[in-house]
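Starting off with a structure, shown below.
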Amino acid sequence: MKNNRIYIILFLVLAASAATLYFNNSNSTIKKELRDFAVKDTASINKIFMADRQGGTVMLERKSADEWIVNNHLEARQDGINSLLTAVASMEVRSPVGKNLYNN
């Protein structure tokens, strides 16, 4: 009877530690607050600035709910804006950048 108690206690301790590891596993080495920078409410975005490495820039500004202006004078295509806002809403970090790749 005493051997059974030891096995039962050992089983309960192992089950509790396995449950803790299973439910607290984040599958990532990056803290959640450092990798979660997507904008969930894209309706609150009024201005988007994009630049490339060659010096080209684009400024998108919201004029109304369905109207965006490119560089203060061209009307933007709504399907392109929708794709961009969907990408902004679903952005996430997959892995940290290594120190040797940081400046690249």
Original post:
Same cluster or not: are Val88 and Ile69 linked, directly or through other Ile, Leu, Val, Met, Phe, Trp or Tyr residues, by side-chain heavy atoms under 4.5 angstrom apart?
Top reply: no

Original post:
Step by step, would you call Ile81 with Arg62 a side-chain contact (heavy atoms from CB on, under 4.5 Å)?
Top reply: CA-CA 10 Å; Ile81 295 296; Arg62 183 188 303 257; over 6 Å; no

Original post:
Sequence neighbours excluded, which residues qualify as salt bridge (Lys or Arg N to Asp or Glu O under 4.0 Å) partners of Asp41?
Top reply: none

Subject >> From CA spacing to verdict: side-chain contact (heavy atoms from CB on, under 4.5 Å), Ile48, Leu85 >> reply: CA-CA 10 Å; Ile48 299 172; Leu85 292 177; 4.1 Å; yes

Original post:
So which pairs with a foot in residues 80-91 pass side chain to side chain donor-acceptor pair (under 3.5 Å), sequence neighbours left out?
Top reply: Gln78-Asn82

**OP:** Report the distance from atom OG1 of Thr57 to atom CG of Asp52, rounding to the nearest 0.5 Å.
**Re:** 8.5 Å

Subject >> Heavy-atom closest contact (Ile45 atom, Trp68 atom, distance) >> reply: O-CH2, 3.7 Å

Original post:
With ILVMFWY side chains joined below 4.5 Å, transitively, what does Phe49's cluster contain besides itself?
Top reply: Met59

**OP:** Rounded to the nearest 0.5 Å, what's the gap from CG on Asn72 to CG on Leu60? Could you check?
**Re:** 10.5 Å

